[in-house]
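Some notes on the structure that comes next.
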Amino acid sequence: MRRTFREFLVLAGLAGSGISLRWYRRTGATVIARSAGTAAAATFLGHSSTVITEGHYIEPDRSVDRTPAGHLDRTLRPDRPDGSLLAAGPVLGEQDLLEADDQEDAGDALE
């Protein structure tokens with residue numbers, strides 16, 4: 001299988017590209033996991049569990065969701081801050097929880 005795959009790479013002009021059967025399998029698993037989920041990738045690779053698939057084949061998604069940073073930047077910027085995200089009223093029971101937390105902190109400070 002490996003010899004045939006190497007010959008295929010030569011014919012495709014990809015010899016020396018670093019592509020291997022393992023690379024191809026990992027890439028396929030990662031693409032499938034990102035589009036259809038880890039279970040689909042495990043099934044594609046013939047694994048009975050997603051543990052091996054996640055641990056050895058799916059490349060972790062290292063992208064960063066910049067949405068929260070954008071909200072903070074918009075809300076807290078020094079010129080023309082947008083307070084619309086702060087305009088929401090308190091959550092039901094939030095004040096009681098904050099007061100209980102403050103009392104607990106005050107008790108800790110006395111010790």
Side-chain angles (χ1 to χ4, degrees):
M1 181 70 162
R2 289 183 182 140
R3 186 175 346 149
T4 302
F5 189 74
R6 282 192 299 268
E7 290 173 10
F8 169 76
L9 291 175
V10 169
L11 291 173
L14 297 171
S17 64
I19 296 174
S20 65
L21 283 172
R22 179 158 171 81
W23 176 91
Y24 190 73
R25 207 165 146 83
R26 286 180 54 118
T27 300
T30 299
V31 170
I32 292 168
R34 299 246 170 88
S35 61
T38 305
T43 300
F44 173 75
L45 295 178
H47 297 156
S48 59
S49 164
T50 60
V51 174
I52 296 295
T53 312
E54 289 173 325
H56 297 282
Y57 289 93
I58 298 172
E59 181 66 25
D61 186 358
R62 291 184 171 86
S63 62
V64 176
D65 182 2
R66 302 209 181 271
T67 304
H71 291 311
L72 285 171
D73 184 50
R74 192 178 82 220
T75 302
L76 303 174
R77 63 184 170 213
D79 64 322
R80 297 177 296 120
D82 178 2
S84 65
L85 295 175
L86 301 174
V91 176
L92 182 63
E94 178 182 29
Q95 190 59 38
D96 295 335
L97 288 172
L98 291 173
E99 288 173 8
D101 192 42
D102 288 343
Q103 290 174 359
E104 191 175 301
D105 288 344
D108 290 343
L110 295 174
E111 293 177 8

His71 vs Arg74, side-chain contact (heavy atoms from CB on, under 4.5 Å): CA-CA, chis, key distance, verdict: CA-CA 5 Å; His71 291 311; Arg74 192 178 82 220; 3.6 Å; yes
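Between atom CG of residue Asp82 and atom CG of residue Leu76 there is a gap of 10.5 Å, rounded to the nearest 0.5 Å. Interatomic distance, CZ of Arg6 versus CG of Leu21, reported as 8.5 Å (0.5 Å rounding). Expressed to the nearest 0.5 Å, how far CG of Asp102 lies from CG of Leu97 amounts to 11.0 Å. Taking CD of Glu54 as the start and OG of Ser49 as the end, the distance is 8.0 Å to the nearest 0.5 Å.
Sorted by first then second residue, the ring pair (Phe, Tyr, Trp, His ring centres under 6.0 Å) pairs that include residues 44-66, not counting sequence neighbours, are His47-Tyr57.
In this structure, Asp73 has no salt bridge (Lys or Arg N to Asp or Glu O under 4.0 Å) partners at least two apart in sequence or on a different chain.
Remark: the backbone N or O of Ile32 is paired with a side-chain donor or acceptor of Ser35 at under 3.5 angstrom. Counting only distance, with no hydrogens or angles, the side chain of Thr50 and the backbone of Thr53 share no donor-acceptor pair below 3.5 Å.
Arg22 CZ: more than 12 foreign heavy atoms inside a 6.0 Å radius. Counting heavy atoms of neighbouring residues, nucleotides and ligands inside a 6.0 Å radius, atom OH of Tyr24 does not exceed 12 of them. Within a 6.0 Å sphere centred on CZ of Arg77, other residues, nucleotides and ligands contribute more than 12 heavy atoms.
Shown here for Ala41 and Ala29, the closest heavy-atom pair between the two residues is CB-O, 3.5 Å. Between Ile58 and Thr38 the shortest heavy-atom distance is CD1-CG2, 3.8 Å.
Considering only heavy atoms from C-beta on, Phe8 stays 4.5 Å or farther from Leu14 through its side chain.
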